[in-house]
Amino acid sequence: MTEPSEIGGAGEGVDWDGLRIRARAIAERAYAPYSGYRVGAAALVDDGRTVAGCNVENAAYGVGLCAECGLVSELLAGGGGRLVAFTCTNGAGERIMPCGRCRQLLWEHGGPGLLVDTPEGILAMHQVLPQAFGPDNLAR
Ligand code: THU
C-alpha cells in the first residue's frame, strides 16, 4: 500500500511493498522460542541488492541476535555496500522500529540518509537516531 509519506517524498522509487514482503517472509524463519516474538528485517542496498535477516535467540538470553544483525551480516557477506532503505516487521506483520542498538548498527552501514519505514511513515535515519555517534567521531 502506498502511504501519503511516500508520495513525492523521501523514499520515492523504493519498492517498499517488496521490502515489506521480504521482511514478513524472513520473520517466519526467526528462531524465537524464548520470547515468542518473531522479527524480520529487509533493506535495499545502493547497488540494487536486497538483504534481510531474522532474530535468532539463545538459551543464554543475552546472546540473542536481533534481525538487523543477520541483515548486516548478509550485507557484508554479499560484498558490502550502503543501506538505502530499511523496513522491519514482527510476526504479526506489524511494522516495528529497530531497537536502540540496531539503530546504531544501521547508522554504521547506512548513515544519516538511510530511509526507515516507521509506523509514522518514511523517516531518515538522522530523525530516528538524532545526534548519533558514528565513524566520523573517531576520525576527528
Ligand atoms: N528484536 C529484533 O530482532 N530487532 C529489533 O530491533 C527489536 C527486537 C528481537 C530481539 C528478540 O529476539 C525479540 O525481538 C524480543 O525482544
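Counting convention: from 1, in listed order, for ligands and their atoms alike.
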With a cut-off of 3.5 Å and sequence neighbours excluded, list every side-chain donor-acceptor pair involving residues 85-94.
residue, atom, partner, partner atom, Å
Thr87, OG1, Asp117, OD2, 2.6
Thr89, OG1, Glu94, O, 3.2
Asn90, OD1, Ala92, N, 3.0
Asn90, OD1, Gly93, N, 3.1
Asn90, OD1, Glu94, N, 2.9
Asn90, ND2, Tyr37, OH, 3.3
Asn90, ND2, Glu94, OE1, 2.8

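Judged by distance alone, the side chain of Asp46 and the main-chain N or O of Arg82 form a donor-acceptor pair under 3.5 Å.
Shown here are the salt bridge (Lys or Arg N to Asp or Glu O under 4.0 Å) partners of Asp47, two or more places apart in sequence or in another chain: Arg49. Among residues two or more places apart in sequence or in another chain, the side chain to side chain contact (heavy atoms under 4.5 Å, CB included) test is passed with Ala124 by His126, Gln127.
In this structure, Cys54 and Arg38 have side chains that are not in contact, with every pair of non-hydrogen atoms separated by 4.5 Å or more.
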Between ligand 1 and the protein, tabulate every N or O atom pair separated by less than 3.5 Å, reporting distance only.
residue, atom, partner, partner atom, Å
ligand 1, 3 (O), Ala67, N, 2.8
ligand 1, 4 (N), Glu68, OE1, 2.9
ligand 1, 6 (O), Glu68, OE1, 3.4
ligand 1, 6 (O), Glu68, OE2, 2.9
ligand 1, 6 (O), Cys99, N, 2.8
ligand 1, 12 (O), Asn55, ND2, 2.9
ligand 1, 12 (O), Glu57, OE2, 2.5

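Considering Leu114, Val51, Leu83 as possible partners of His109, the one that fulfils the side chain to side chain contact (heavy atoms under 4.5 Å, CB included) test is Leu83.
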